[in-house]
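These notes are about the structure you will find just below.
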Amino acid sequence: MESAPLPCPMTGVQLIDEYFIENRTRLLDLAAFLDRLDRAADPAVDADFRMRAFREAVRTLSGSDGDRVGRIQMIFSDPRTEPTDGLDQKSACGAYRPEKGER
Amino acid sequence: MEYIDMHAHMASRTTDDYEQMALTGCVALTDPAFWAGFDRSSADGFDDYFHQLTEVEPKRAARVGIRHYTWLCLNPKEADNRSLARAVIEKIPKYLDRPNVLGIGEIGLNRVTRNEVATFQDHLDLAVAHNQMILIHTPHLEDKYKGTRIIVETLLKDGRIDPGRILIDHAEEHTIGMILKNGFWAGITLYPQTKVSPQRAIDMIERAGPERICVSSACDWGPSLPIAIPRFALEMRRRCHSERSIRKIIYENPAAFLSQSPRFTLENVTDRNGQKAAPSAPLGAR
């Protein structure tokens with residue numbers, strides 16, 4: 001069965017009225033995290049594969065092309081198409097770690 | 001408002017959690033086989049676990065008027081161990097006729113290894129051999145897109161199971177489309193940090209529409225919220241969605257999916273004293 005979208009009954013301004021403050025808080029948390037990393041002054045931060053993906057995601061966040069969430073999900077995703085030969089670790093870490101020679 | 005939690009690992013939760021769920025309107029839940037947080041040392045431990053899921057938890061749930069159902073399998077977190085998988089899968093058929101067993105689950109992939117794919121296929125064979133419904137776990141975080149794609153391709157290639165009898169869980173923005181367009185049910189898990197917030201879940205439902213989508217708490221031994229569904233309902237109200245739309249997502253959709261099993265019913269629950277408890281009655285009235 002095909003499903004028709006279920007549009008949000010709120011107007012854009014109503015959405016801002018209701019959700020601005022909590023998203024302002026999230027944005028400040030994000031900014032504070034990046035500032036904290038700057039203060040750490042650790043050269044390893046810039047080389048970290050997670051933070052490379054994170055910064056790319058932040059750039060996508062500030063774009064205006066729509067479906068930001070879908071595109072950010074794909075920035076963090078493993079782009080490979082085949083199963084791996086063996087188990088490297090039990091849990092995911094949140095961003096794809098490129099293999100040597102990639103990116 | 002009454003609701004059904006499609007995915008709650010109650011074997012990892014306290015009696016207080018059952019009570020909170022009952023107080024907030026939970027009438028039934030399904031408890032898929034899970035990872036203990038460590039790898040079991042042998043397949044024998046699964047006899048105890050399957051006993052807990054089919055005998056102990058239904059009684060705990062019935063004390064507060066909740067119907068407890070379960071899905072059996074070796075969870076994807078341990079599925080890379082092929083010898084363990086074979087031994088556990090061999091044990092499952094003797095539990096399939098227990099009255100609260102709805103099918104095979106949550107099977108799927110974790111880190112998307114070749115062994116995990118082979119164990120997933122073994123579970124599919126088991127489900128087909130016993131005409132069981134299936135609940136599927138998809139990997140988290142960076143593994144999700146790749147894992148969901150391989151799961152969907154494997155199921156489509158297999159072709160033995162009606163997609164309408166399969167729920168693919170932990171759907172997110174980049175995977176829900178491929179799940180729904182191929183006729184499967186999609187589950188959205190409301191879980192802090194590693195899964196989906198109520199706000200994002202509602203966004204997905206607004207975009208995809210409400211058909212064949214269920215939400216669940218996925219509460220387990222990790223930081224999670226057994227009353228995530230009533231909080232989701234609250235968020236839908238905040239966004240001005242109708243009570244009818246809310247009820248469709250948190251009650252009617254899971255009831256429709258689960259009712260494909262003849263074992264699933266929302267009729268009265270029998271508590272530990274053998275007395276009937278009406279699921280919708282206020283807890284204090286019992």
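Proteins come first, then strands; the chains are lettered A, B, ... in the order of their sequence lines, and each starts at number 1.
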Checklist entry - In residues 250-258 of chain B, which residues are in contact with chain A at a heavy-atom separation under 4.5 Å? => result none
Checklist entry - Do T84(A) and R111(B) come within less than 4.5 Å of each other through their side chains, counting heavy atoms only? => result no
Next on the checklist: Less than 4.5 Å to any heavy atom of chain A: does that hold for the side chain of D39(B), its backbone, both, or neither?
Outcome noted: side chain
Item to check | Heavy-atom check, side chain of Q73(A) versus side chain of Y145(B), under 4.5 Å | outcome: no
Next on the checklist: Less than 4.5 Å to any heavy atom of chain A: does that hold for the side chain of N110(B), its backbone, both, or neither?
Outcome noted: side chain
Item to check | Within-4.5 Å side-chain heavy-atom neighbours: S91(A) and H140(B) | outcome: no
Checklist entry - Can you tell if the side chain of L6(A) reaches within under 4.5 Å of the side chain of H241(B), non-hydrogen atoms only? => result yes
Item to check | Interatomic spacing from SG in C8(A) to CE in M236(B) - rounded to 0.5 Å | outcome: 9.5 Å
Checklist outcome for this item: Those residues of residues 21-43 of chain A that come under 4.5 Å of chain B on a heavy-atom basis, listed by number, are E22(A), R26(A)
Checklist entry - Tell me, do P5(A) and R207(B) make a side-chain contact under 4.5 Å, heavy atoms counted? => result no
Checklist entry - Where on I205(B) is there a heavy atom nearer than 4.5 Å to chain A: the side chain, the backbone, both, or neither? => result both
Next on the checklist: I want to check something: taking the side chain as every heavy atom from C-beta on, are T81(A) and K146(B) in contact at a cut-off of under 4.5 Å?
Outcome noted: no
Next on the checklist: Could you report the tightest heavy-atom contact between P210(B) and A4(A), atom names first, then the distance?
Outcome noted: CD-O, 3.6 Å
Next on the checklist: What part of Q14(A) gets within 4.5 angstrom of chain B, counting heavy atoms only: side chain, backbone, both, or neither?
Outcome noted: neither
Checklist entry - Would the number of heavy atoms belonging to other residues, nucleotides or ligands and lying under 6.0 Å from CZ of R50(A) be above 12? => result no
Item to check | Close side-chain approach of C93(A) and L141(B), heavy atoms under 4.5 Å | outcome: no
Checklist entry - Within a reach of under 6.0 Å around CZ of R80(A), are more than 12 heavy atoms found that belong to other residues, nucleotides or ligands? => result yes
Item to check | Side-chain ion pair, D80(B) and K90(A), N-O less than 4.0 Å | outcome: no
Checklist outcome for this item: When the 4.5 angstrom heavy-atom criterion is applied to S245(B) and chain A, the contacting part is side chain
Item to check | P9(A) versus C240(B), closest heavy-atom pair with distance | outcome: CG-O, 3.1 Å
Next on the checklist: Do F49(A) and E142(B) make a side-chain contact, defined as non-hydrogen atoms from C-beta onward lying under 4.5 Å apart?
Outcome noted: no
Checklist outcome for this item: In terms of heavy-atom pairs under 4.5 Å with chain A, the winner among K181(B), H174(B), R200(B), E173(B) is H174(B)
Item to check | Structural part of V117(B) lying under 4.5 Å from a heavy atom of chain A | outcome: side chain
Next on the checklist: Which atoms of R239(B) are under 4.5 Å from chain A, going by heavy atoms: the side chain, the backbone, both sets, or neither?
Outcome noted: both
Next on the checklist: Quick check for you: to the nearest 0.5 Å, what is the distance between N81(B) atom CG and L87(A) atom CG?
Outcome noted: 10.0 Å
Checklist entry - Where do K144(B) and D78(A) land on the salt bridge (Lys or Arg N to Asp or Glu O under 4.0 Å) test, with the steps shown first? => result CA-CA 8 Å; K144(B) 183 174 298 293; D78(A) 182 345; over 6 Å; no
Checklist entry - If you count the non-hydrogen atoms of other residues, nucleotides and ligands that lie under 6.0 Å from CZ in R231(B), is the total more than 12? => result no
Checklist outcome for this item: Looking only at E116(B), E172(B), R238(B), E153(B), the option with the highest number of non-hydrogen pairs under 4.5 Å against chain A is R238(B)
